[in-house]
Participant: 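Can you keep this structure in mind? I'll have questions shortly.
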Amino acid sequence: MNFPVEAVREKFPALFLTDKGRRRIYLDNPAGTQVPQAVADAVSRCLLTTNANLGGYFETTLAAQQVVDEAHQAMADFLGSASPEEIIIGANMTTLTYHMSRTLGRTMQPGDEIILTRMDHEGNVSPWLQLAEDLGLVVRWLPFDEKSWQVEEATLAGLLSEKTRLVALNYASNLTGSINRVKALTALVYVDAVQFAPHGLIDVQELGCDFLICSAYKFFGPHMGILWGRRDVIDDLQPYKCRCSSNGLPERFELGTPQIELMAGLTAAVDYFADLGAAAGEGGSRRQKIAKAFAVSIAYENPLAQQLIDGLSDIEGLTIRGITDPKRLGERVPTVSFTVDGIVPETIVRQMNAENIFLWSGHNYAWEIVHQLGIPAEHGVVRIGIAHYNTAAEIDETLESVHRVIAMLRQQRS
């Protein structure tokens, strides 16, 4: 089927906002997507009708518990989890990772080894580095291959030993867009799927990892982090928590009063995908509808990514930092980063932002990537990130702006 992009766009009020009559083009999506009206409505409805803490016997507290339970079930369906008890919801990916790293640290001894990748976001690097410093662990660094733009299995195999206790890696890069072959790489594995979750179906059971984390605000939801932990692993873990807090799952990992209204929005975000799958003709379970939604959105996003890559490749002195081969489009998400000889990325982005084309420059917390590539961290890259509400016309307009801005900046330098 043809992807119903206009019908999709109608669900996102932010796409129709203007600034002094000027349209907005949202290509800042790797840092956070816009949300459908249904997500905002769910948050508002929860605050206005089910606003209570948990654990009581009156109507609003019972309704609030239902919101919490529904959010865990929704994310179990979204990630392919065997049980909602494996779903841990918290403030954000980084906070959850710090929390889980300290919990896992209770099982480690000085001299134990952890493997970190040069490809990941700092949210899946710094928590483990600081744990290693605290406990006297040995850190092994896993570089990515600068030809394939992926972490290679053979390189990981060379780092594994009987002392390896954890491998932390990302599913997709927030800078290069490359998708790692996580199933082939898994060894206790903690997967950062923040950048993959908006663009592909996740099946935690099929992947074979032990933990997987993502962020709802990257897939059209509210600002929350979601961690899946394999039941036979998390059953034995004792997190830091209040003495009188529940020892049940997942409650013992969810510190303090939950963000109940955001959990309502989280369920609505998952249901947005299910509705998209239903509109594409899938009549099965919510999980099956989500799978269909990703199938049709990937088929729509990939040509947009190729359109962007092709248009950028025409510019002399511009280097795309990631996969550009059309035959390997399925091995990347539609996040495209580049540098231009002699031009600081921020100067390009400032000019394009002034035209109401929203995108980012900098290292974008991909600290290890820019260092491995020899890119000055204070400059980083220009990053353009596509979501399935973007259009070919927006990509054309963005490419025209990139060409014009670079030409102008070069003329100013000459």
Side-chain angles (χ1 to χ4, degrees), residues 75 79-81 86-109 112-135 137-144 150-151 153 155-157 159-161 163-174 179-197 202-215 218 225-240 249-250 253-254 365-369:
M75 283 308 302
L79 298 177
S81 172
E86 296 180 323
I87 301 296
I88 299 162
I89 301 175
N92 52 63
M93 175 270 187
T94 303
T95 299
L96 280 173
T97 301
Y98 267 104
H99 179 38
M100 187 55 70
S101 70
R102 271 51 195 169
T103 298
L104 287 169
R106 288 179 148 179
T107 70
M108 300 178 186
Q109 302 294 327
D112 286 348
E113 297 178 359
I114 59 175
I115 297 175
L116 307 180
T117 172
R118 300 281 187 196
M119 197 174 182
D120 215 332
H121 185 283
E122 272 298 293
N124 200 29
V125 176
S126 285
W128 308 109
L129 282 179
Q130 292 158 18
L131 180 71
E133 183 179 357
D134 291 345
L135 298 184
L137 308 178
V138 176
V139 176
R140 303 292 187 196
W141 285 102
L142 176 61
F144 61 92
Q150 293 168 315
V151 169
E153 295 96 313
T155 310
L156 173 59
L159 296 175
L160 292 170
S161 77
K163 294 184 178 181
T164 304
R165 297 294 174 264
L166 179 95
V167 178
L169 73 158
N170 56 346
Y171 205 157
S173 169
N174 74 321
I179 297 172
N180 281 318
R181 299 178 294 275
V182 173
K183 184 178 180 181
L185 295 169
T186 53
L188 196 44
V189 174
Y190 192 99
V191 175
D192 167 8
V194 169
Q195 290 299 317
F196 185 82
I202 295 170
D203 189 334
V204 291
Q205 297 183 75
E206 195 269 341
L207 282 177
C209 58
D210 300 284
F211 300 93
L212 183 140
I213 194 162
C214 57
S215 298
K218 305 295 177 76
I226 304 95
L227 174 65
W228 169 84
R230 187 177 300 282
R231 179 63 182 264
D232 59 357
V233 176
I234 62 174
D235 252 346
D236 294 331
L237 295 178
Q238 296 302 318
Y240 291 88
L249 288 176
F253 292 96
E254 296 181 344
Y365 285 81
W367 189 249
E368 291 297 331
I369 293 181

Participant: Considering all heavy atoms of both residues, which atom of M119 and which atom of V151 are nearest to each other, and what is their separation?
Facilitator: SD-CG2, 3.9 Å

Participant: May I ask you to test the M100-L237 pair for a side-chain heavy-atom distance under 4.5 Å?
Facilitator: yes

Participant: Just one of V182, D203, V191 clears the side-chain contact (heavy atoms from CB on, under 4.5 Å) bar with L212, so which one?
Facilitator: V191

Participant: For the CD1 atom of I114 and the CG atom of L159, what is their distance to the nearest 0.5 Å?
Facilitator: 12.5 Å

Participant: Could you pull out the closest heavy-atom pair between A132 and V139, with the gap in Å?
Facilitator: CB-CG2, 3.5 Å

Participant: Do L160 and V167 have side-chain heavy atoms sitting under 4.5 Å apart?
Facilitator: yes

Participant: Parallel under 30°, tilted from 30 to 60°, perpendicular over 60°: which one fits the rings of Y190 and W128?
Facilitator: perpendicular

Participant: Verify, without hydrogens or angle tests, whether R102 (side chain) and P127 (backbone) share a donor-acceptor contact under 3.5 angstrom.
Facilitator: yes

Participant: Compare all side-chain heavy atoms of S161 with those of T164 and state whether any distance is below 4.5 angstrom.
Facilitator: yes

Participant: Heavy-atom distance under 4.5 Å between the side chains of E86 and L79, does that happen here?
Facilitator: no

Participant: Before giving the answer on side chain to side chain contact (heavy atoms under 4.5 Å, CB included), spell out for E122 and V125 the whole-Å C-alpha distance, their side-chain angles and the decisive distance to 0.1 Å.
Facilitator: CA-CA 5 Å; E122 272 298 293; V125 176; 3.7 Å; yes

Participant: Among N180, N170, I179, whose side-chain contact (heavy atoms from CB on, under 4.5 Å) with F196 holds?
Facilitator: I179

Participant: Show the nearest heavy-atom pair for residues I369 and S173, with the distance to one decimal.
Facilitator: CD1-OG, 3.3 Å

Participant: If we only count heavy atoms from C-beta on, is the L227 to F253 side-chain gap below 4.5 Å?
Facilitator: no

Participant: Looking only at heavy atoms, what is the nearest atom pair of R118 and P143, with distance?
Facilitator: CG-CA, 3.6 Å

Participant: Distance check, rounded to the nearest 0.5 Å: L137 atom CG versus Q109 atom CD?
Facilitator: 9.5 Å

Participant: Could you check if a side-chain atom of F144 sits within less than 4.5 angstrom of a side-chain atom of T155, using non-hydrogen atoms only?
Facilitator: no

Participant: Tell me whether the rings of H121 and Y365 are parallel (<30°), tilted (30 to 60°) or perpendicular (>60°).
Facilitator: parallel

Participant: Would you mind reporting whether V194 and N174 have side-chain heavy atoms less than 4.5 Å apart?
Facilitator: no

Participant: Before you tell me yes or no, could you show the steps for I88 and L96 under side chain to side chain contact (heavy atoms under 4.5 Å, CB included), namely the whole-Å CA-CA distance, both residues' side-chain angles and the distance that decides it to 0.1 Å?
Facilitator: CA-CA 9 Å; I88 299 162; L96 280 173; 4.1 Å; yes

Participant: To the nearest 0.5 Å, tell me how far M93 CE sits from S215 OG.
Facilitator: 7.0 Å

Participant: Which distance, rounded to the nearest 0.5 Å, do you find between the CG of L249 and the CZ of R231?
Facilitator: 5.0 Å

Participant: Is there a donor-acceptor pair under 3.5 Å between the side chain of R106 and the backbone N or O of Q238?
Facilitator: yes

Participant: Minimum heavy-atom separation for D210 and V189, please, with both atom names.
Facilitator: OD2-N, 2.8 Å

Participant: Quick one: does Q205's side chain have a donor or acceptor within less than 3.5 Å of a partner on G80's backbone?
Facilitator: yes

Participant: Looking at side-chain heavy atoms only, is the closest gap between W228 and M75 below 4.5 Å?
Facilitator: no

Participant: How long is the straight-line distance from CD1 of I213 back to CG of N124, given to the nearest 0.5 Å?
Facilitator: 8.0 Å

Participant: Identify the two heavy atoms, one from T97 and one from G123, that lie closest to each other, and give their separation to 0.1 Å.
Facilitator: CG2-O, 3.4 Å

Participant: What's the separation between atom CD1 in I87 and atom CD in E254, rounded to the nearest 0.5 Å?
Facilitator: 9.5 Å

Participant: Scan side-chain atoms only and decide if T95 and N92 contain a donor-acceptor pair under the 3.5 Å cut-off.
Facilitator: yes

